[in-house]
Amino acid sequence: MNDQNSWFVDFRKSEHYSFLQKKPIAYFSVEYSLSDLLPTYAGGLGVLAGDYIRELGDQKIPSVAVGLFYQNKYGVQDIPHAKQSSVVPLSPEEQGLQPVLDFDKKPILVEVPIEDHQVFVKAWVWQNNSIPVYLLDTDVEENSHADRQIVYQLYDADKETRLKQEMILGIGGFRLLEKLNINPSIYHMNEGHSAMLYFEIIRHEMQKRKIGFKDAITLSTHHVVFTNHTLVASGNEIFSNELLTFLLSRYAGQLEVTIDDILELGTIQDSNSFSMSLLSLKLAGKINAVSVLHAKEAAKSWVDYSIESVTNGIHVASWDKTPKNNLTLSHRENKKTLLEFLKKETGQVWGENELLIGWARRMVRYKRPLSVLGDINRLKLLAGEKTPIRVVMGGIAHQSDDEGREMVAQIKDIMKNQLPNNAVYLDNYNVTAAKLLTAGCDIWLNTPVIGSEACGTSGMKAALNGTLPMSTKDGWVYEVNISEIGWDIDSDSVEKSIQDVLQYNILPLYYSEDKSKWEVLMKNARNLILNSFSTTRMLKQYFEKLYLPVIVSSQAHYSL
């Protein structure tokens, strides 16, 4: 990590850094994990974005971030104002935000054309150990009641509302930066949810250079970096062309183009559907996947595009609960803290010397959350008096995801009726709980179908703190020799493989009187993360592979 930090010390002395001070990086994401008070994230995408903006701040990179301000928590079924609540919601200021104001101390407003009218957008700013994060909000007096609710909840189940949210993020986000006199040289899109940003970059080039739409498209691409995080269909937004026509016709008029000009850039061949991922791929100057395996899989799906690989990392300072002097002692203390937390949350009392397995992430099918509970009878036999096994799980399903919610219900039912003393489920899973679990469990279980989990950074957080991985070779695990830090499980027979590995490898080692081999694995795991899987390394690679070529190109265009 010292070598990586020294790279940034040198970079801050360069002409490229001086250029960024005038024309910074603008990072766009639909979700950010900023604090447990702010309902601005759903899962790994948001946690990664939160880690990344903190690293940008640590390295003093001239940059800003743009997102949306949501009033309601992801995964909560609720209808705005449908009933009175005894709990008074926290104000944005109480959540750690400040309003974005003009010189007269009035909220800055931007306008986004949606349907046949203008929607007014204000912004809040978060700046706490990170770069400034501007969160856009449509809860403005000038708006109708319906428009005030556009960004009420992350990943709204209604497709029309979702598209409106993405218009607010991409179009409104660009216009806010204009009002703030922030002129980025790089627009980095974290997934395709902010793809409407492209049209604003095009509009800017058209006005600046007095050129037409098609010529502006060519000039616009050199500004944009696009990061794809998943090849799973649910992670790649698709809308009907009819819906885009309905919501974007007024905006097309502002661009002085037809709606067909817009639709042409993202319509899937031989269909009537518009893909935000396709739009992002077509117009990005640089594209990257978030692990080596993800890049290989993406290249199969998108054969016409050049895709770089930059494996995700974690912000070490945010996730490190282990002082360097004594990993074993620190992990024991972290486990004790976790067990006290579980007792408070669930009433379950477990011993400090009992094997504790953790599984926690978004509740979706390809992550196979039921795998560890597959053969209950065998699991009960393995979890005997001399070798107890405890399992803690957590995760959130989207409020409209019936399958995900059913999986949660099924897991809880199995735990309650068949494993009442061996397993617990955390309903209110958040970043605070994630830090306790990744630092305090003995084993971190990761069970995705290979090729589905683009990276999977929760395992990095666990390994950093000496929690050993038991995982399919998906995501970042594909890039390491897992036998040096934990255990590989067979993706094709995942349930049987988990229990085989437990029986023949993990239980004998964990319950051995000789703890030295387990401690070696812990140290190996921690050192691997520190040396290879931090956001410091990740940011350095973004500069080397993606940002610097864009900066050089931008410098050339800026001088015209």
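Just so we're clear, the structure is a prediction, and the values are computed from it rather than from any experiment. All residue numbers refer to positions in the sequence shown, counting from 1.
Taking 4.0 Å as the cut-off between side-chain N and carboxylate O, Arg162 and Asp156 do not count as a salt-bridged pair. Ion pairing of Glu178 with Arg203 is present here, as a side-chain N (NZ or NE/NH1/NH2) and a carboxylate O approach within less than 4.0 Å. One finds a salt bridge joining Lys164 and Glu115 here, because a Lys/Arg side-chain nitrogen approaches an Asp/Glu carboxylate oxygen to under 4.0 Å.
Side-chain polar atoms of Thr536 and Glu55 form a donor-acceptor pair below 3.5 angstrom. Side-chain contact of Ser318 with His315: a donor-acceptor pair under 3.5 Å is present, judged by distance alone. No side-chain donor from either of Asn190 and Thr227 sits under 3.5 Å from a side-chain acceptor of the other. Looking at Arg250 and Gln254, their side chains never bring a donor and an acceptor atom within 3.5 Å of each other.
Checked against a 6.0 Å centroid threshold, the rings of His193 and Tyr155 count as neighbours. Residues Phe543 and Phe11 bring their aromatic ring centres within 6.0 Å. Taking the centre of each ring, Tyr542 and Tyr52 come in below the 6.0 Å mark. Centroid-to-centroid, the aromatic rings of Tyr187 and Phe174 come within less than 6.0 Å. Here Tyr547 and His188 bring their ring centres to under 6.0 angstrom of each other.
Judged by distance alone, with hydrogens and angles left aside, the side-chain atoms of Glu31 form a donor-acceptor pair with the main-chain N or O of Ala42 at under 3.5 Å. In this structure a side-chain-to-backbone donor-acceptor pair under 3.5 Å is present from Tyr425 to Gly395. Using a distance-only test at 3.5 Å, with no hydrogens or angles considered, no donor-acceptor pair links the side chain of Asp137 to the main chain of Leu68.
Taken to the nearest 0.5 Å, the OH atom of Tyr366 stands 9.0 Å off from the CG atom of Asp474.
The salt bridge (charged side-chain N to carboxylate O under 4.0 Å, His left out) search around Asp427 returns Lys412, not counting sequence neighbours.
Residue pairs satisfying the side-chain hydrogen bond (donor to acceptor under 3.5 Å, both in side chains) criterion with at least one member in residues 94-113, sequence neighbours excluded, are listed as follows: Ser91-Glu94, Glu111-Gln118.
Using cut-offs of 30° and 60° on the angle between ring planes, the pair Phe69 and Trp124 is tilted.
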